[in-house]
Amino acid sequence: MMQLTKIDNLNDFKRENKKIELVYKGREEPNRGQELVYYALLIDGIDKTKELFSENAIQCVINEKIETEHPSKNFAFIPNRDFLLLNTLDFTKTSLKVYFREDRNTFQDSLVGSFFYPENHLLINKRSLVLTDLRTLESKKIKFDEDINIEWAYLIDSNQIQVIQAFSNMSFIYDLETNKIIDKKTLQTNYFILIFLDGYTEGRNTNLMHYKWNCCKKLTIHL
């Protein structure tokens, strides 16, 4: 479970004129070392938490790797327990969570990040990816073996996803047509991944994009 220090506001996770806001409401520690953080969901400045979730606050995980709003503002990703893709026009909710069944146990994959493209949303989990077509809301769930631990992933084009593995210097491409891993590569030992998620610019899929978080690695990614 992600550990957070005291949060007074979410300015670090906001863009100007953002339609969706997650406002900190409180926290609890049901088990030692496990901290749960709760937020209210505001849409256009109006609290919609009770209407959409039947409770006053929802448990969420928030960090800079999670993009919560499509540049058009028509879709949002809510990083709660159900990993919800929300249509902000009609409030249709689509759950993107992925389950694994191993050794007679069923468990939900853990969230790593979220990223919007003009016509797609990519959910990045520890051992899986979920690619959703925003025009049809059809999702493709991609599961990997237990030896895969994903740090980040991004669309190369409509048919391929680049995957960077955590705690290693390995990356690979997943081919959406053949449903196979191809082109495994070794990265430089010292790398730092930088991808800006604080705004949408025309041609974002062809420009160098950066994402920053605290680690002692360095890698330059061209999208």
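- Contact of the Lys18 side chain with the Thr68 side chain is registered, since non-hydrogen atoms from C-beta on lie closer than 4.5 Å.
- Every residue two or more places apart in sequence or in another chain was checked for a ring-ring contact (aromatic ring centres under 6.0 Å, His included) with Tyr38, and none qualifies.
- The shortest non-hydrogen separation linking Ile124 to Ala153 is CD1-O, 3.4 Å.
- The ring of His121 has its center closer than 6.0 angstrom to the ring center of Phe77.
- Judged by distance alone, with hydrogens and angles left aside, the side-chain atoms of Ser114 form a donor-acceptor pair with the main-chain N or O of Glu67 at under 3.5 Å.
- By the 4.5 Å heavy-atom criterion applied to side chains, Leu111 and Asn125 are counted as neighbours.
- Atom CZ of Arg127 is surrounded by more than 12 heavy atoms from other residues, nucleotides or ligands within 6.0 Å.
- Residues passing the side-chain hydrogen bond (donor to acceptor under 3.5 Å, both in side chains) test with Ser158: none are found, sequence neighbours excluded.
- Here the shortest heavy-atom pairing between Cys60 and Tyr39 reads CB-CD1, 3.6 Å.
- With hydrogens and angles disregarded, a donor-acceptor distance shorter than 3.5 Å links the side chain of Glu69 to the backbone of Ile20.
- Counting heavy atoms from C-beta outward, Leu85 and Leu137 have side chains that approach closer than 4.5 Å.
- Among all heavy-atom pairs drawn from Ser139 and Val130, the shortest one is CB-CG1, 3.9 Å.
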Solution key, residues 41-48 side-chain donor-acceptor pairs under 3.5 Å, sequence neighbours excluded:
{"residue": "Asp47", "atom": "OD1", "partner": "Thr49", "partner atom": "N", "Å": "2.9"}
{"residue": "Asp47", "atom": "OD1", "partner": "Thr49", "partner atom": "OG1", "Å": "2.6"}
{"residue": "Lys48", "atom": "NZ", "partner": "Glu51", "partner atom": "OE1", "Å": "3.2"}

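- The CD atom of Glu146 sits 5.5 Å away from the CD atom of Glu102 when rounded to the nearest 0.5 Å.
- In terms of the salt bridge (charged side-chain N to carboxylate O under 4.0 Å, His left out) criterion, Lys93 has no residue partners (sequence neighbours excluded).
- More than 12 heavy atoms of other shown residues, nucleotides or ligands fall within 6.0 angstrom of atom NZ in Lys143.
- Electrostatic pairing of Arg27 and Glu35 counts as a salt bridge here, judged by a charged N lying under 4.0 Å from a carboxylate O.
- Side-chain atoms of Ser168 come within 3.5 Å of backbone N or O of Met170 as a donor-acceptor pair.
- Asp183 and Ile173 get closest at one heavy-atom pair: OD2-CD1, 3.4 Å.
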Using the rule given for salt bridge (Lys or Arg N to Asp or Glu O under 4.0 Å), can you reason through Lys50 versus Glu55, listing the C-alpha separation, both sets of side-chain angles and the distance that settles it, and then say yes or no?
CA-CA 5 Å; Lys50 189 73 172 180; Glu55 48 191 341; over 6 Å; no

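- Residue Glu138 places its CD atom among 12 or fewer non-hydrogen atoms of other residues, nucleotides or ligands, all under 6.0 Å distant.
- Taking 4.5 Å as the limit, every side-chain heavy atom of Asn149 sits out of range of all side-chain heavy atoms of Gln165.
- Rounded to the nearest 0.5 angstrom, Thr94 OG1 and Ile78 CD1 are separated by 11.5 Å.
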Please walk me through it: do Leu134 and His70 pass side chain to side chain contact (heavy atoms under 4.5 Å, CB included)?
CA-CA 10 Å; Leu134 297 177; His70 190 276; 3.5 Å; yes

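- For residues 91-114, every residue pair satisfying the ring-ring contact (aromatic ring centres under 6.0 Å, His included) rule, not counting sequence neighbours, is listed here: Phe100-Phe107.
- The CG atom of Leu131 lies 9.0 Å from the OH atom of Tyr117; values are rounded to the nearest 0.5 Å.
- Taken to the nearest 0.5 Å, the CG atom of Asp103 stands 11.0 Å off from the OG1 atom of Thr106.
- For Ser54, there are no side-chain hydrogen bond (donor to acceptor under 3.5 Å, both in side chains) partners, not counting sequence neighbours.
- Residues passing the salt bridge (charged side-chain N to carboxylate O under 4.0 Å, His left out) test with Glu29: none are found, sequence neighbours excluded.
- Distance check: Ile58 CD1 to Leu36 CG gives 13.0 Å after rounding to the nearest 0.5 Å.
- By the side-chain hydrogen bond (donor to acceptor under 3.5 Å, both in side chains) test, Gln108 pairs with no residue at all, sequence neighbours left out.
- Follow the hydrophobic side-chain contacts under 4.5 Å out from Ile182 and you reach Ile164 in the same cluster.
- Annotation for Ala76 and Phe116: closest pair C-CZ, 3.8 Å, computed over non-hydrogen atoms.
- Ile150 has its side chain within reach of Leu129: a pair of non-hydrogen atoms, C-beta onward, lies under 4.5 Å apart.
- Smallest separation of non-hydrogen atoms from Thr88 and Lys19: OG1-NZ, 3.6 Å.
- Here Phe144 and Tyr174 bring their ring centres to under 6.0 angstrom of each other.
- For Glu177, the side-chain hydrogen bond (donor to acceptor under 3.5 Å, both in side chains) criterion is met by no residue, not counting sequence neighbours.
- Using a 4.0 Å cut-off between charged nitrogen and carboxylate oxygen, Asp82 and Lys97 count as a salt-bridge pair.
- Counting heavy atoms from C-beta outward, Lys140 and Leu176 have side chains that approach closer than 4.5 Å.
- A distance of 6.0 Å separates CG of Leu86 from CG of Leu52, quoted to the nearest 0.5 Å.
- At least one side-chain heavy atom of Ser171 sits less than 4.5 Å from a side-chain heavy atom of Gln162.
- Shown here are the side-chain contact (heavy atoms from CB on, under 4.5 Å) partners of Asp147, two or more places apart in sequence or in another chain: Asp145.
- Every residue two or more places apart in sequence or in another chain that forms a side-chain contact (heavy atoms from CB on, under 4.5 Å) with Arg104 is listed here: Arg101.
- Residues satisfying the salt bridge (charged side-chain N to carboxylate O under 4.0 Å, His left out) criterion with Asp175, sequence neighbours excluded, are absent altogether.
- Using a 4.5 Å heavy-atom threshold, the side chains of Phe53 and Asn80 count as touching.
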